[in-house]
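One structure is given below, encoded as structure tokens.
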Amino acid sequence: MIAEITRIRHKYLRHDKKFPHVWCPGCGIGIVLGSLIRAIDGLGLAKNDLVLASGIGCSGRLPAYVDFNTLHTTHGRALTFSTGIKLANPSLNVLTVMGDGDATAIGGNHFIHAARRNLNLTAIIINNQIYGMTGGQYSPTTPYGSNSTTSPYGHIEHAFSIADLAVTSGASYVARGTVYHVPALDKLISRGIEKEGFSVIEIMTNCHTQYGRRNEMSDPVTMMKWFKDHAVTTTRAKKMSPEELKGKFSIGVLTDIDKPSYTEEYQKIRDRAKGREVKS
Amino acid sequence: MIAEITRIRHKYLRHDKKFPHVWCPGCGIGIVLGSLIRAIDGLGLAKNDLVLASGIGCSGRLPAYVDFNTLHTTHGRALTFSTGIKLANPSLNVLTVMGDGDATAIGGNHFIHAARRNLNLTAIIINNQIYGMTGGQYSPTTPYGSNSTTSPYGHIEHAFSIADLAVTSGASYVARGTVYHVPALDKLISRGIEKEGFSVIEIMTNCHTQYGRRNEMSDPVTMMKWFKDHAVTTTRAKKMSPEELKGKFSIGVLTDIDKPSYTEEYQKIRDRAKGREVKS
Amino acid sequence: MTPEEETVRNSSSTEVQDEYWEKKLEMEKKGKKLFKQQIFLDWCKGCGICVAFCPRKVYEMDEMGSPVIVRPDDCIGCRFCELHCPDFAITIIKRYPDRRRRKSDGS
Amino acid sequence: MTPEEETVRNSSSTEVQDEYWEKKLEMEKKGKKLFKQQIFLDWCKGCGICVAFCPRKVYEMDEMGSPVIVRPDDCIGCRFCELHCPDFAITIIKRYPDRRRRKSDGS
Amino acid sequence: MKDDRYEIRFGGSGGQGIILAAVILAEAAAVYDGKKVCQTQSYGPEARGGKSKAEVVISDHEIDYPKVIQMDLFLAMNQVALDAYFFDFKPNGLLLVDSTFVEQMPTSRVIAIPFTRIAREKFDRELVANVVALGAVGHFCPAVSIEGLEKTVLKKVPAKTRDMNSQAFLAGVEAAQSFDLSRLPRSVISDEEREV
Amino acid sequence: MKDDRYEIRFGGSGGQGIILAAVILAEAAAVYDGKKVCQTQSYGPEARGGKSKAEVVISDHEIDYPKVIQMDLFLAMNQVALDAYFFDFKPNGLLLVDSTFVEQMPTSRVIAIPFTRIAREKFDRELVANVVALGAVGHFCPAVSIEGLEKTVLKKVPAKTRDMNSQAFLAGVEAAQSFDLSRLPRSVISDEEREV
Amino acid sequence: MARDQNGKTRLLQGNEAMVEGALAAGCRFFAGYPITPASEIAELMSVRLPMVDGTFIQMEDEIASMGVIVGASLAGVKSLTATSGPGFSLMQENLGFACVTEVPCVVINVMRGGASTGLPTSPAQGDVMQARWGSHGTHPIIVLSVSSVHDCFEITVHAFNLSEKYRIPVVILSDEVVAHTREAIVLPDRKKLEVVERIKPSMPPEWYQPYEDNSRGVPPMASFGDGYRHHVTGLVHDAHGHSTQRPEEIDAFQRRLFRKITNGFYEIQMTKSMLMEDAEVAVIAYGSVSRSALRGIRMARKKGVKAGLLHLVTLFPFPKMAVSGVLRQCRAVLVPEMNLGQISREVKRVNTSSKVEKINRIDGQLITPEEICERLREM
Amino acid sequence: MARDQNGKTRLLQGNEAMVEGALAAGCRFFAGYPITPASEIAELMSVRLPMVDGTFIQMEDEIASMGVIVGASLAGVKSLTATSGPGFSLMQENLGFACVTEVPCVVINVMRGGASTGLPTSPAQGDVMQARWGSHGTHPIIVLSVSSVHDCFEITVHAFNLSEKYRIPVVILSDEVVAHTREAIVLPDRKKLEVVERIKPSMPPEWYQPYEDNSRGVPPMASFGDGYRHHVTGLVHDAHGHSTQRPEEIDAFQRRLFRKITNGFYEIQMTKSMLMEDAEVAVIAYGSVSRSALRGIRMARKKGVKAGLLHLVTLFPFPKMAVSGVLRQCRAVLVPEMNLGQISREVKRVNTSSKVEKINRIDGQLITPEEICERLREM
Ligand SMILES: Cc1ncc(C[n+]2csc(CCOP(=O)(O)OP(=O)(O)O)c2C)c(N)n1
Ligand SMILES: Cc1ncc(C[n+]2csc(CCOP(=O)(O)OP(=O)(O)O)c2C)c(N)n1
Ligand code: SF4
Ligand code: SF4
Ligand code: SF4
Ligand code: SF4
């Protein structure tokens, strides 16, 4: 008897793609990939109806390994391609995987606008707080004071809260998880996919190679322990004082609201157009 | 004796530029220009040290009329040019005028990143809720349900709150005014200029030609009355119930916090570099 | 700086004075002052803001679409028109009834 | 789906179970179950996550930097290793002490 | 190639509706008279206001160059536009001006009608001055039939303003009828001499 | 043009430090021996791991083509890299392999030393295998002086690891000294026949 | 706005005719960002597309617009965007992505005056070389031009057809004159119009190789959702769509991209000759300038100059054959352009014998027939 | 990292040498966005600039980076950005702005393989035409190339000098091979280095016309803050910097932009001839390929082929004179490129007689000396 987990892997990993994958030993992106596969399998979504798009970066390499309709776009622009796919064929489930740089540096504008439009898309942001692929330059989520190859004297910029940006911009569902808290991650992703409207799952991930190494966490184990020690669940966070929360970050569902998605709204436009009610 | 106001105008309006300006009869951008001039005059800033940059749009035409160091950049990118100017010569006062489309559609990313970095810049966003110059297409601030030349069946997207975006992204000072409430506007602008760090003044303005005309407010007077009737001051807003606030918008200072600006922080980097403390 | 301008500029908070000319109306009751309105027609585009909002109906629109000063002496010097004219076409100056020699100023 | 997977997947909230294997430890006290660990060395990159986090120290690193299964019977089937191996190199299967015919499965 | 181009220019300020007038003329010639037409325009950077021009070239044959080469007819709705766009007037062309706003004429081959005043006085709506002018243009322009032009006007304006526009158009035609084209002086420079 | 190029290739997996080794070799030749050098490298898309190669060309004269044309010396740190990058080996070149990982040799002009094992056993740090190898390379490579090479090694490594690296380097030199190059078979195909 | 006005004479602007052409060609998706002088295309699309179950979306910028239409096309819907110079500059990266992933789509660039913000309301032809070379790296692309309202309809249909047939983005260069000129047009009967659809895979999914080479060089294209799951990447890829670093696969892939265009060269190169039979001097022109040229030539002929016109519709791949023919026939050739010489460079490149002269205007004005006639007389 | 290593032999990567060149030329501002294979330039700048009171900033993308350096230059500081193909595509709009507003700045594009994401770690020369034509509309630009670490230093200094002297952005095209090759280099004494500064206005501010024409065609440039308040716009502008729509002003402005380059043509066009004295066949090459070419030529000469090299440093404005000379001298000319033929098109354009052949590789590999030698023997 083949183990269930092995069956799932066989079902979703691509056979014509070379394994092991390109990521560094211990890179959290592989853990995210596993979580994503389980979430999709758990929801019972048809592979033919699932589109997985990404931008450029270590995280951008993810879709190539799974047997869906997959798309590796340009740096920062994945959400725009996903927008086109979803609007052109609303019956597809469109997931978008992005790195932190990809989603919030070069792609920041597409991100906030996709949230504003409440497009029925799932954005999975793999936040390793650094530019992994290009060699460890700072990203918009690199913590103040840390080191990177382009902040050799310490980083002076403040990090975005990806989740706050998403909420302010209008996303329907916003969650944060880590590659340490995997069973929870499976659930956060699965809920995000189910959600009508724009959903964002920010995943804190270890890039020990480019971030950890320069910030006294040079191996995956140390970084995963850091996630373990600094994450607090949203429910627990509510009970904590600001001092207790200092230096911590919350994980779990941060926002979950209901409002009509863009796809729904556009269908109304079509109905009006066919009834020829041009308003202006 | 020449009237004080005439003296101020002569001092700041450009003599080699053709008047009356290009804007439509009654366009609020002219009112903003007046307010800006008075704010600057009130602060007693030297014309030689003042840079006024803009993007493209009706609002983008503003700098050409005033006798500062003025710059009319590309659409959406004004803040990037301003960033370069300020960092290269921190002794200059750098103001950036943008339209709503300019600042939050094509320029949305530069806007949130300038706020995140807390660059010592003043962003003046002339929000007429529409693309004026190109003929009335919807912008990211066009209200849900209204009409524009590209939403002939009614607009289905939700508007950004420019101020909320600025706050979430990290701006030090965020204020909102209107072209009806002019004396207050002078003050809001003047405080924004004085502020160290990134300051944003969102100004609600009438584009009756492109927005009003398609939304039952086809002249400047009607639109200004609308601002009068729908604006509530922040202090008053605090005392109002959510129902009372429905359909209204608040004006006044929305955020005013103190944190080191980018210029300050970068000076520390220089000091460290000269002491050769390369951290990584 | 004229006292009026000072009033406007030094308003003690950024609070918005929606009805600041109403206060002016009250002030006016206390002691009548006279103001002169100048319109630079070359710059005026006839948008009608001054005509619509002047609390004392000092201006009216002529048939060619230009504002004309019809009730100059009713002006209370609130400067709403001056501040809101998008085309810098209006100037309000204090008038000194006893010293009329500055006729060449226009208006 | 194995009972263990069910436990993991049906956890009733998105709350994070930081110490989910501790619960497993308790479960274990109630009735001992046996698990088999499979490592696909072709895919393993020797990152050491499994070795570091296994609550029962089932794995150790060999001198070439590969994990080896040293205490297979201590495994409590918490699947931490399986879920966290970034390279899909570990599978945990229930072992049936009485039915050993599935030897060809590997390990 | 038979050169049967008839070239018309409309000049005015943005907001006077001269582009709409040109479009109506072009559509009438195309749809009702079966002509080939090219309608073009240009305007300044001003959002509203500023001077603008619109042109129509009408021909029985395929039109190559789409812009006016030499005007047969020039409708100038104000002085600024007249001054700016008069330069390529045909020696024996016809200039039609809105005498409400135009005072100085660069040619004697001119017919002056106060279109805006007519609009204001008869219809209390300056906005219809362009339709009044179109009536006059229709009367003088040999390349378009007056019936087709009227129909097109009515097709292009909002339903509730149809009556007023119809009357405005007729007012323009009437005003034009009182002029006798043959009374106008003819240029002594022939077209050929100008090497068109 | 006197063709006095000496061409060296280093092959291994990402993380084995072969690029650093090549850089040290090149810098030593340039700074201490006054040679012209070109040092290049290439690697795959993998973030870490995967095979990579680094090359050094050394000459007394200006170097035109910067990459290896035919290797005089090839240091292969593992089998994959050896197989992938052996193709342009000079008939009478020298192959140096890390026998910790390499088992199959494509030529008999080979010297096998277990660099990684030496590093592991003597210094308990596999990471210094590249420096051990560099000692051996220094010994066999006529284009660079062993003193300059050692100095460069010490300049390039972190201060606290200098001792260990110095010893590792010497361990490599020693291991190399036990081989006698002249004992290796020579190729029967002359370089000229191969039309270099 | 009624849907069935075919057969009737209508007065349309160039921009409007492009919308009609796109809809007739089966385009059901538009994403764009407003810009003078192209905005009318978006505006009209926002009215028309929802009527036919199509989709219009205005994006936050042109980068996004280009990404969206590539996405929509991957999902199987014929897609269009329209812009002008500044926006076209921003589209280049994603346009290059469409070239190497072979995603059909059409991009209209209504050229305006000047570089940078330039002269937004004036015509120019400054983006010709950019249309061919604007995106980084080695890639093929098709560039067409339009000169009349009728062209705007017809060439837009052609553009979609070529794009679908060859799986390549097609750029249509219009200019402010063509875009805003209104002309009478009778739209052809939709049923008689040739509309090409991309070839879909017919083999079982397991056999599908999304980038397999075949005799045409154009692999069949499955839409996302069709059951042919595959990977699409802007990295250089092998027949399966996976990235490769093997020189022979890289070379084969890149050359196929060009070969498919070379194979179709005769169909793709569209030119029109007018008055060329006895021509001794010729004008080679495109866009609105070709209309000035035609009139200029007619004027010159009246003065005894035997002039003719080669009107280029296809600009890239450059119609070498047609141009060489003219160069051989004529003692001199004139290339008038509203730039400082872009197509004239191409003409010179293929030239071996004739005198090639240029007329250039960069002042925001259409080149006039007189200028052309005068120069023809001097040649 | 020490500042005064001039005079000593150092082993530097091409990218590092560019940083040294920039600093030596007086560059004190860098804004960029990381991208392989250009990132080392940014990284090293982030270390070096704050030491000399300069400024480094990593922006949110390449569009922003380009905007920032233009801003910094307007404030009077010599500025640099560095990128590769995808980022270069994104910079085009703001690069065009710099061209028409005449703001000096230097843009390094380290070319990598393929269009789109392509082959990030492989060399190529696919962005040559893009460097000239990538931004929309009619505008001039200077494009230089580098082929060695020494070039990286020297040409970067030249680039800043030309940029300042002519008030024009200069693009330096490097490639992955040059960028990552380490070579021994002795940095020249800073004091002996020719460093050009932009000419500042010396008249009283009221007399200053920021875009006034003068004999050189290059108006003096005041920095913001210098007391010469003026207006800068990407709209076509008059001598005062204000937008204009008058054809004669537009024309004068646009032609001046080109005239200043034509005036400086002899200084700007940089080429190197090697082994050309008795050459019967020649190779015209640039970038890393010129090094393969030189070796190939030497190999060919050994086999009796009289071959020579024309190494182009300046790619645009295209060094017509030098190329024509070679074309006249040789019976055949070979243009090897890591693209499908870009500079070869330019060579063909100016060619009147010789046979022009191409060698092209697009598989991510540097063209080898053998390939060149073999082809030379056949020619
Ligand atoms: C337009 C463009 N600019 C820059 C790059 C280079 N680049 C590739 S990935 C990347 C950032 C990677 O960081 P992130 O998005 O956080 O993903 P990670 O690699 O960390 O997963 C950059 C800058 C590019 N491919 N395209
Ligand atoms: C890259 C680019 N895309 C599009 C345009 C066209 N364009 C000019 S202004 C403008 C928007 C104007 O709206 P807004 O910024 O709100 O300013 P407003 O005119 O309303 O003041 C647009 C889309 C442009 N100039 N550049
Ligand atoms: S560089 Fe960082 S993000 Fe990229 S594969 Fe390695 S660990 Fe993962
Ligand atoms: S279009 Fe609108 S924003 Fe522009 S000038 Fe007119 S009223 Fe003002
Ligand atoms: S977690 Fe996986 S890859 Fe890492 S050492 Fe264990 S088996 Fe190997
Ligand atoms: S399942 Fe894995 S982690 Fe858990 S006890 Fe067993 S071996 Fe250890």
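Reminder, nothing fancy here: chain letters follow the sequence lines and each chain counts from 1.
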Requested in this report: Search all heavy atoms of Asp64(F) against all heavy atoms of Arg291(H) and return the closest pair with its distance.
Outcome: O-NE, 2.7 Å

Query - Within-4.5 Å side-chain heavy-atom neighbours: Lys67(F) and Val177(H) - result: yes

Query - Asp278(H) atom CG: more than 12 heavy-atom contacts under 6.0 Å - result: yes

Query raised in the report: Say you draw a straight line from OG1 of Thr181(H) to CD of Glu55(F); how long is it, rounded to the nearest 0.5 Å?
Result: 9.5 Å

Query raised in the report: Relative to chain F, which segment of Ile367(H) carries a heavy atom at a distance below 4.5 Å: side chain, backbone, both, or neither?
Result: backbone

Report task. To the nearest 0.5 angstrom, please state how far the CD atom of Glu183(H) sits from the NZ atom of Lys36(F). Result -> 9.5 Å

Report summary line: On a heavy-atom basis, the closest approach of Arg182(H) and Gln41(F) is NH1-OE1, 3.3 Å

Query raised in the report: About how many Å separate CD of Glu27(F) and OG1 of Thr9(H), when rounded to the nearest 0.5 Å?
Result: 10.0 Å

Query raised in the report: Mind checking whether His150(H) and Glu62(F) have side chains closer than 4.5 Å, heavy atoms only?
Result: no

Query raised in the report: Given Tyr65(F), which of Thr368(H), Leu294(H), Ile372(H) fulfils the side-chain contact (heavy atoms from CB on, under 4.5 Å) condition?
Result: Thr368(H)

Query raised in the report: Tell me, side chain or backbone of Val23(F) under 4.5 Å from chain H's heavy atoms, or both, or neither?
Result: both

**Report entry** Nearest non-hydrogen partners of Ile69(F) and Pro369(H), listed with the distance
**Finding:** CD1-CG, 4.4 Å

Requested in this report: Count the heavy atoms belonging to other residues, nucleotides or ligands that lie under 6.0 Å from CG of Asp163(F), then report whether that count exceeds 12.
Outcome: no

**Report entry** Arg125(F) atom CZ: more than 12 heavy-atom contacts under 6.0 Å
**Finding:** no

